[in-house]
Number of protein chains: 2
Amino acid sequence: MPASQQHDHNHCISTAMDTARTLCEQRGLRMTPVRRRVLELVWQNHKPTGAYDLLAQLSEEGFNSAPPTVYRALDFLLELGVVHRISSLNAFVGCDHPGHEHDTGFFICKECGNATELPAKEIKKLHETLVKKFSFSIETSNHELTGLCQNCKATA
Amino acid sequence: MPASQQHDHNHCISTAMDTARTLCEQRGLRMTPVRRRVLELVWQNHKPTGAYDLLAQLSEEGFNSAPPTVYRALDFLLELGVVHRISSLNAFVGCDHPGHEHDTGFFICKECGNATELPAKEIKKLHETLVKKFSFSIETSNHELTGLCQNCKATA
DNA sequence: CGTAAAATTGCAACATTATAACCTAAGGAC
DNA sequence: GTCCTTAGGTTATAATGTTGCAATTTTACG
Ligand SMILES: [Zn+2]
Ligand SMILES: [Zn+2]
Ligand SMILES: [Zn+2]
Ligand SMILES: [Zn+2]
């Protein structure tokens, strides 16, 4: 059983949507239909999804199907902190714990494609160690690990 | 003075070329003119460089100027372990310590664009911590930090 | 209300990055 | 030399992402 089916998707999605709505209200931003639907789709897929895949899904539902539509929605959601971009995959994925500012860090299974967010604590610890050694000021960071998840390792 | 000028470029380049040649000999691979020149260019720029920038430079020198030329050379050099790809920039940069298998990790200055390779030791430590917490098997990892380098912080 | 400013969306074109497919040329083994 | 493998040339195309501007919707405010 893939990790993506070990839990209640609908719960994931509704929680994510609630949090996003709350964040918008707090910041005076608008959760418009396209933005809402893109976030839902990102969560429904529940694994990193390309912008053009999302665009195709939107298109099937009667939304506008030009690239700027989905990229603008994604930019908004990234800014809001409810999705992450995985640059080695050119793909987007929902954030597990939105509302707490943190960097992008994922473990991506080569077999099933699921992406698991890394604990912010470990990323912070790495930052601290690096800052001590070098005199950089770290503003953002992005960590992408690949390998086999527990399930796929067991099945292999 | 930018970090890229605090040292002797020519030394960087010749060392990198020597190592690459040695690695090729050890593995029975061919360091052809295009491959050699691409590696030299990557080192000459001494900061992350896009494939199409490299292609333009090659073209000026009479090399073939079609995309596959540079992508094939870059694939070879990546495989050989003498360059890294920085996926958040879609760019390539020379490896500081080739010949020792290691993951991609860079600090990239937002101001001057220089990319400094992170110590493999710290990356390994992060891996170990994560593996203890989760039961992933990590095969590759990629770490891209941004911020200001020491020089640019001072100048700002 | 009514209107003006701001934010969002629609739309068309374009830019950038990367790959596929197929063929030719060069290098090495025998 | 002949054969086989590797590398490079060439053309076309795929995949990803952006710019610019007009039209619309939402909000702010008198
Ligand atoms: Zn997150
Ligand atoms: Zn898996
Ligand atoms: Zn390296
Ligand atoms: Zn700098």
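Keep in mind it's a predicted model, so treat the numbers as computed, not measured. Throughout, protein chains are lettered first and strands after them, A, B, ... in sequence-line order, and every chain is numbered starting at 1.
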d([atom1], [X]; [atom2], [N]) in whole Å:
| X | N | atom1 | atom2 | answer |
| --- | --- | --- | --- | --- |
| B:Leu74 | C:dT19 | CG | C1' | 14 Å |
| B:Leu89 | C:dT16 | CG | C1' | 14 Å |
| A:Leu55 | C:dC11 | CG | P | 13 Å |
| B:Phe92 | C:dT16 | CZ | P | 16 Å |
| B:Arg27 | D:dT6 | CZ | P | 16 Å |
| A:Tyr71 | C:dA15 | OH | C1' | 12 Å |
| A:Asp75 | C:dA7 | CG | P | 16 Å |
| B:Leu54 | C:dT17 | CG | P | 11 Å |

inquiry  = Do B:Val38 and B:Arg35 make a side-chain contact, defined as non-hydrogen atoms from C-beta onward lying under 4.5 Å apart?
reply    = no
Residues that [X] engages under side chain to side chain contact (heavy atoms under 4.5 Å, CB included), provided they are two or more places apart:
| X | value |
| --- | --- |
| A:Ala91 | A:Pro48, A:Leu89 |
| A:Ser137 | B:Leu148, B:Lys153 |
| A:Ser141 | A:Asp103, A:Ile123, A:His127, A:His143, B:Leu145 |

task = Just jot down the salt bridge (Lys or Arg N to Asp or Glu O under 4.0 Å) partners of A:Glu61, sequence neighbours excluded, or say none.
result = A:Arg37
inquiry  = Applying side-chain hydrogen bond (donor to acceptor under 3.5 Å, both in side chains), can you list everything that pairs with B:Arg72, at least two apart in sequence or on another chain?
reply    = none
Can you name the atoms? Protein N/O to nucleotides 7-11 of chain D N/O, anything below 3.5 Å, with the distance.
residue	atom	partner	partner atom	Å
D:dA7	OP1	B:Arg35	NH1	3.2
D:dA7	OP1	B:Arg35	NH2	3.3
D:dA7	O5'	B:Arg35	NH2	3.3
D:dG8	OP1	B:Thr32	OG1	2.5
D:dG9	OP2	B:Asn64	ND2	3.3
D:dG9	N7	B:Arg72	NH2	2.6
D:dG9	O6	B:Arg72	NH1	3.1

request  = Measure the distance between the ring centre of B:Tyr52 and the centre of the six-membered base ring of C:dT17, then answer whether it is under 5.5 Å with planes under 30°.
outcome  = yes
